[in-house]
Every structure is written in structure tokens, then in C-alpha cells.
Amino acid sequence: MLQRFIEDHITQALQVIGAPNGTVAPFELPRQEGHGHVATTVAMTLAKSLKQNPRMLAQALVDALPKTMDHVQSVEIAGPGFINISFAPSAFHVLLRGMYDEGDTLGRSTMGRGKRVNVEYVSANPTGLLHAGHGRNCAVGDTLANIYSWCGYEVTREYYFNNAGNQMNKLGESIMVRVQHLLGDVSAVFPEDGYHGEYIQTIAEEIVRNSRTTVAGLSGSDLHAYCRKQGEDWCFNAIKETLKTLNIEHDVFFNEDSLYSEGKVEQTIADLRSKGLVYEQDGATWLALTKLDQPVDKVIVKSSGEPTYRLPDIAYHREKLLRGYDEIVDVFGADHIATIPDVLAGVRALGFDTDKVHVVIHQMVTFLENGEVVKFSKRSGKSFTLDDLIDEVGADVVRFFFVMRAVGTHLEFDLGLAKEEGDKNPVFYLQYAHARICSIIRKATDAGIAVNSMADLSVLTHPAELALIGLLARFHSTLERACTNVEAHSICDYLRDLAAAYHAFYHDCRILGAEAPYQDARLYLAEVTRRAMKNGLTLLGVRAPEQM
RNA sequence: GCGCCCGUAGCUCAGCUGGAUAGAGCAGCAGCCUUCUAAGCUGUAGGUCGCAGGUUCGAAUCCUGCCGGGCGCGCCA
């Protein structure tokens with residue numbers, strides 16, 4: 001970052017003019033051309049506490065700066081008290097060389113310092129295939145995990161599932177009836193709220209084909225249990241295959257059932273009880289959420305003896321925190337909003353620091369085709385699966401489109417745009433920039449020209465060159481900010497800007513065939529850009545093709 | 001009724017945690033290929049930042065109240 005060339009000088013000048021100890025000058029990037037490369041608002045923020053005119057303060061600060069500073073071109077006071085700083089091209093050259101020396105891991109950060117973070121995402125129960133809307137959770141979760149990992153955290157990618165609930169029983173029943181039909185038992189009645197997807201029939205057919213004699217010898221609950229297990233395995237397999245095509249692989253598949261079998265649910269309820277937060281009423285067990293500043297108490301164990309989802313969810317978070325994670329990220333769809341405060345309140349009541357838990361809630365997805373909303377229903381049998389979506393637009397586009405918007409906004413997924421393999425599609429724009437650079441490097445290599453690590457960068461003075469370097473210099477902080485804010489979409493925005501800056505540079509500044517020093521320096525700059533683009537795309541789970 | 005999210009150009013969205021004349025991409029208009037990939041570049045046009053108050057040197061950003069859209073609000077998960 002450019003500001004590093006003046007930070008220390010400003011800090012010292014602040015001392016001189018009597019700013020309170022520890023005052024840190026905030027820097028920002030002026031939007032407006034002519035307002036310098038970086039600006040600080042410190043004079044204005046200080047004006048209040050020192051009860052002085054901000055412009056006078058700015059003047060005093062500027063006067064306290066050394067007459068000349070390395071790499072600094074000009075320092076100007078503007079507007080109500082901004083201090084605008086412009087840097088000499090040499091500042092850009094120093095930054096560029098530093099980035100080149102980072103090599104293939106350009107942009108990597110150590111800010112995580114090996115802290116452990118658990119990112120939970122996807123977490124669909126194995127009762128069917130992932131539908132297209134699940135793509136957002138998959139892409140956001142995996143990208144966040146990539147970002148954490150890139151920023152020096154030790155990441156566990158976790159998938160939480162439940163294979164014991166009502167929904168699983170319905171799956172088993174649905175398959176069982178199909179199997180019975182295939183075996184000639186026409187009296188079997190399909191459950192009213194069973195699963196209608198085509199895959200149910202597929203599973204049933206596979207069961208009959210592969211284990212006809214086994215199922216023929218089973219009946220009642222045995223047959224049901226068999227079908228349920230077969231269904232679970234089949235669905236999980238299919239889900240994992242889908243994830244694999246998106247380049248997603250989890251480290252841990254956490255079965256909710258283990259919370260029961262290992263006594264962790266019991267322990268959780270006992271812990272809550274010992275804190276006086278559990279009581280019995282109407283035959284059910286309640287969690288006294290009102291004692292935790294929540295609006296109403298909620299049932300955690302039904303009168304039937306079955307726990308509600310709240311209890312295992314609290315137990316699960318307790319379990320993750322006990323596993324020693326420094327940070328926990330939960331990626332949920334908007335339909336989970338209501339459950340989160342309860343669970344966090346419970347976890348907090350157990351004495352855990354819920355500041356460690358980042359809940360990323362993404363809004364729903366609408367698919368558009370020709371400007372019209374594509375309707376699809378889970379139960380109708382004609383579903384729009386994530387596999388369908390990947391087949392239609394490709395894995396790269398799926399990953400990019402699902403993370404390119406802030407999670408808080410309702411996402412419109414334009415299938416027409418996504419399918420377009422051309423200039424309108426933002427994914428291709430980025431990949432094209434990368435391929436273009438590779439092409440040049442390839443051509444250079446063919447001509448016996450290698451990227452010269454000793455290139456003389458001082459010839460890089462064209463506005464397009466400096467703009468590109470300036471943008472590259474923000475790569476590192478863009479990634480760190482994405483990590484700190486637990487947001488992925490800003491990387492998409494950044495890469496778009498980077499590609500645009502490269503294309504402009506490419507247009508204005510001839511690389512191959514330029515005079516030797518220019519050719520060397522520009523090739524060097526192109527190579528650094530290539531690495532940034534490649535690493536950025538990789539974080540997003542998007543391929544960086546060398547040729548298009 | 002209550003909780004959370006959203007409201008910025010015709011459309012889809014950014015806006016670096018309160019800064020200067022609010023930015024991109026599509027779509028529109030006008031240009032740029034005998035040379036490294038035109039899947040590109042350049043220019044132009046497009047705005048009461050939902051509305052009304054408040055906080056202060058300064059608000060799209062923070063607070064309050066409305067209006068509009070989405071998702072939820074079970075002894076379902």
C-alpha cells in the first residue's frame with residue numbers, strides 16, 4: 001500500500017503538533033482524480049478534540065512534515081481539511097517489486113496466525129439432491145473457507161447432517177413403496193407427504209436390480225430401514241459428486257446423531273439446567289430464553305421425549321467450541337434466521353464467547369430466464385437441481401455468480417447472462433484477462449524472452465501502468481478485508497477492476513516488440529497481474545485458463 | 001402483530017465501516033482492429049441514494065418514525 005511511504009512521517013508530525021499519544025491517521029483512497037493517491041482525514045477528526053480549525057491543523061501537520069520525503073511527490077490540503085498525498089512513480093515501482101518477490105503466493109496473508117476456524121456450509125440432509133438454490137450456500141461457504149485458509153488460518157470445512165429425523169423416515173418410506181411396486185406389490189400406498197422426485201424411482205430401481213433377493217426377504221420395519229439406509233447412501237453420494245464438480249470437499253461430515261450417542265445432548269441439557277435455565281411445563285422441557293434477553297421461552301424437549309432442533313443445535317455449537325476453534329462460521333440461508341438468536345443465547349449461557357461465532361446468512365435466490373422468474377418446486381418432481389444448473393452454465397459461472405453479490409441481498413441469477421460465453425459475462429471477462437496475459441508470456445517464451453526478475457521498472461510511468469500497479473497494491477488488503485468482514489463478493493468486484501485496469505494497460509502500452517527496457521518492465525508487470533488474477537480466481541473456485 | 005434482511009441510474013448491483021463533484025456492469029448512443037486474443041478499449045448519456053425528521057464541520061452510510069419488497073415467527077428441521 002502506498003500509504004506506507006508516508007505513515008511514519010505523519011505519525012511523527014502528529015507528535016510535533018501535539019496530537020494525543022497513539023493517534024493513528026486514517027487513510028483512504030480518494031475517488032476523485034486530482035485528490036492524490038491517498039488522503040488522510042486526521043486533521044478533521046482531530047479538530048474536534050483539540051478544538052481547532054481543521055484547515056489550520058492540517059497546515060500545521062503539513063508544516064511539521066520533512067521538506068522532502070522519499071517517493072512522495074506532493075502533499076496538499078484541500079476542502080475542509082483533507083490532506084492529499086501523491087506519490088512519485090518510484091513508490092509504485094517499489095511496491096511492484098515487492099509483489100513480484102512474493103512469487104506464486106502473491107497476496108497471501110499471515111493475519112490468521114494459524115488460528116483455527118471451522119466453516120460449516122452446505123449441510124443439506126441426505127434426503128435428496130442439492131437444488132439449484134443450494135448453490136449459493138455451497139459457493140459462499142467454500143469461498144469463505146478458501147479466504148480464511150489463504151489468510152493464514154487453519155480451516156476445517158464441515159458438513160452437518162441429520163440422518164435420524166422424520167424427513168429421513170419419509171425418504172425411506174417413499175423408496176420402500178417404490179420398491180414394493182417394482183416387486184409387484186401394488187397394494188403399497190405412497191405416503192401423502194412423501195418425496196416425489198425422480199431420484200426416488202431411480203434409487204428403488206437400483207435396489208431391486210442390485211439386491212432383489214435381499215429386499216424380497218424383508219418386510220415392514222426391516223424393509224423400511226434398509227430402504228432408508230440405501231437412500232441415505234445414494235443421496236450422500238450424489239451430493240458429494242455434485243460438490244466435487246464445484247471443487248468442494250469437506251473435511252468433516254458431522255452426524256447430528258453422534259451428539260446423542262456420545263451423550264453430548266444430555267450434557268448440554270444438564271449444563272443448562274445447572275444454570276437454572278431449564279424447567280418442565282405441560283410435560284415438555286423448556287429453555288428459559290427470557291432469562292437470556294430473548295422474547296419468549298422455547299421448548300427444547302417435547303412431551304413425547306423428542307428434542308426440538310434447538311437442543312442439538314446448541315449442543316453442536318458447544319461441541320465445536322470445545323473442539324478448540326478460535327472462530328466458527330455458519331453459513332445459512334435466510335430461512336434459518338429465526339433459529340439463530342435462540343441458539344446463540346443458549347451457547348452464551350453455557351459460558352462460551354459467541355463473538356467467535358460468525359453467522360453468515362444469505363438471502364434467497366431467484367433464477368431468471370429472458371427476464372422471467374423460473375419457477376421450480378421441490379415436491380412437484382420437476383425440480384431444478386444444482387447438477388442441472390452446472391450442466392447449463394458450467395461450474396465456473398455457478399461459483400462466480402453465487403458469490404458476486406453481497407449475501408444480504410436477494411440474488412437474481414440471470415440464466416441467459418450466465419449461459420452467454422461472451423463479453424457480457426463477467427466470468428469470461430476475468431478469465432479472458434488471464435488468458436490474454438498467458439498468451440503474451442507464451443509468445444515471449446517462444447521468442448526466447450523470459451520474464452526478467454531484474455527488469456528496470458523505472459520506465460513504468462504511463463498512467464495506465466501506474467493505475468494497474470496501484471490496483472495490484474490493493475490486492476493483499478482486499479483479501480484481508482474480505483476475511484475480516486467474512487464476505488466474499490468484494491473479491492469479485494476487485495478482480496473486475498483489476499481486469500479492466502489490465503485491459504486498459506494492454507490497450508495503451510505495447511508489451512512485445514517495445515524497446516527492450518519497456519518490454520522487460522511491462523512483461524514483469526503483466527506477470528504480477530497474472531499471478532494476482534490467478535490467485536483471486538482460485539480463491540473463488542474459478543479456473544484461470546491459460547488459453548481461451 | 002413481532003424479529004431479521006433489502007430499498008442507490010431503465011435493469012442487475014458496488015460504495016473500503018461518517019468524507020470531497022455518489023460509482024461499475026448490462027441495455028442506449030458515438031467512436032477504435034495491416035502489430036501482443038475486439039471475449040478488448042475510448043467517449044457520451046443516465047440520480048430528489050424509498051420518504052420525513054434527528055445527530056455534526058460533513059450522512060447513501062449512524063439514530064427514530066413511516067412507506068414498499070423478501071424471509072421467518074410450531075412441542076417441524
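Chain naming here is simple, since letters A, B, ... match the order of the sequence lines and numbering starts at 1 in each. As the structure is a prediction and not an experimental result, all values here were calculated from the model. Both backbone and side-chain heavy atoms feed into the values below; hydrogens, waters and symmetry mates do not.
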*Geometric class of the Phe401(A)/Phe413(A) ring pair [parallel <30°, tilted 30-60°, perpendicular >60°]*: tilted

Practice item. Output yes when a side-chain donor or acceptor of His35(A) lies under 3.5 Å from a complementary backbone atom of Arg31(A), and no otherwise. Key: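 Not a single qualifying donor-acceptor pair exists.
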
Taking atom C1' in both G23(B) and U8(B), what distance in whole Å separates the two?
10 Å

Closest to the Ala39(A) side chain: C71(B), A14(B), A20(B)?
->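 For the Ala39(A) side chain, the nearest candidate turns out to be A20(B).
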
Can you check the distance between G54(B) and C13(B), where both ends of the measurement are the C1' atom (answer in whole Å)?
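Approximately 30 Å lies between the C1' atom of G54(B) and that of C13(B).
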
- [ ] Look at all strands and tell whether Asp313(A) reaches a base, only sugar-phosphate, or nothing, counting heavy atoms closer than 4.0 Å.
- [x] nothing

C76(B) phosphate, OP1 or OP2, under 4.0 Å from Lys302(A) side-chain N/O
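For C76(B), OP1 or OP2 has a side-chain N or O of Lys302(A) closer than 4.0 Å.
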
Heavy-atom nearest nucleotide on RNA chain B taken for Thr339(A) and for Ala78(A); more 5' hit belongs to Ala78(A)

- Could you give the distance separating C16(B) and C6(B) at their P atoms, to the nearest angstrom? 13 Å

Exercise for the section: Please confirm whether Arg510(A) makes a cation-pi placement over Tyr518(A), using NZ or CZ under 6.0 Å from the six-membered ring centre and within 45° of the ring normal. Expected result: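 No cation-pi geometry.
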
For the pair Asn452(A) (side chain) and Asp520(A) (backbone), establish whether a donor and an acceptor sit closer than 3.5 Å, ignoring hydrogens and angles.
no

**Asked** Mind checking the C1' distance from C71(B) to C75(B)? Whole angstroms is fine.
**Response** 23 Å

By nearest-nucleotide position on RNA chain B, the 5'-leaning member of Ala334(A) and Ser439(A) is Ser439(A)

The nucleotide from G40(B), G3(B), G19(B) with an atom nearest the side chain of His503(A) is G40(B)

query = His489(A) near the nucleic acid: base, sugar-phosphate alone, or nothing, with a heavy-atom cut-off under 4.0 Å?
reply = sugar-phosphate

ask   = When you compare C36(B) with A30(B), how far apart are their P atoms, in angstrom units rounded to a whole number?
value =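 C36(B) and A30(B) have their P atoms separated by 28 Å.
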
| task | Counting heavy atoms from C-beta on, name the nucleotide in A77(B), G70(B), C16(B) closest to the side chain of Leu29(A). | result |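 Looking only at side-chain atoms, Leu29(A) lies closest to C16(B).
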
Q: Give the nucleotide from the list U35(B), C71(B), A14(B) with an atom nearest to the side chain of Arg405(A).
A: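 Looking only at heavy atoms from C-beta outward on Arg405(A), the closest nucleotide is A14(B).
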
Arg481(A) has its side chain closest, among A77(B), C36(B), C16(B), to C16(B)

Classify the nucleic acid contact of Arg474(A) as base, sugar-phosphate or nothing, counting any heavy atom under 4.0 Å across all strands shown.
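Contact class for Arg474(A): none.
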
TODO: Please check if the side chain of Glu465(A) supplies one atom and the backbone of His462(A) the other of a donor-acceptor pair under 3.5 Å.
DONE: yes

- In the strands shown, is C33(B) matched to any nucleotide by a Watson-Crick or G-U wobble pair with both distances under 3.5 Å, and which?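 Looking at the geometry, C33(B) pairs with no nucleotide.
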
Exercise. With centres under 5.5 Å and planes under 30° as the test, does Tyr429(A) stack with A39(B)?
Worked result: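 Not stacked: fails the 5.5 Å / 30° test.
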
### Message
Between U17(B) and G58(B), how many Å separate the two C1' atoms, rounded to a whole number?
### Response
16 Å

| said: Distance check, P atoms only: U61(B) and G65(B), in whole angstrom units. | reply: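 So the two P atoms sit 16 Å from each other.
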
May I ask whether His35(A) stacks on the base of A20(B), given the cut-offs of 5.5 Å between ring centres and 30° between planes?
yes

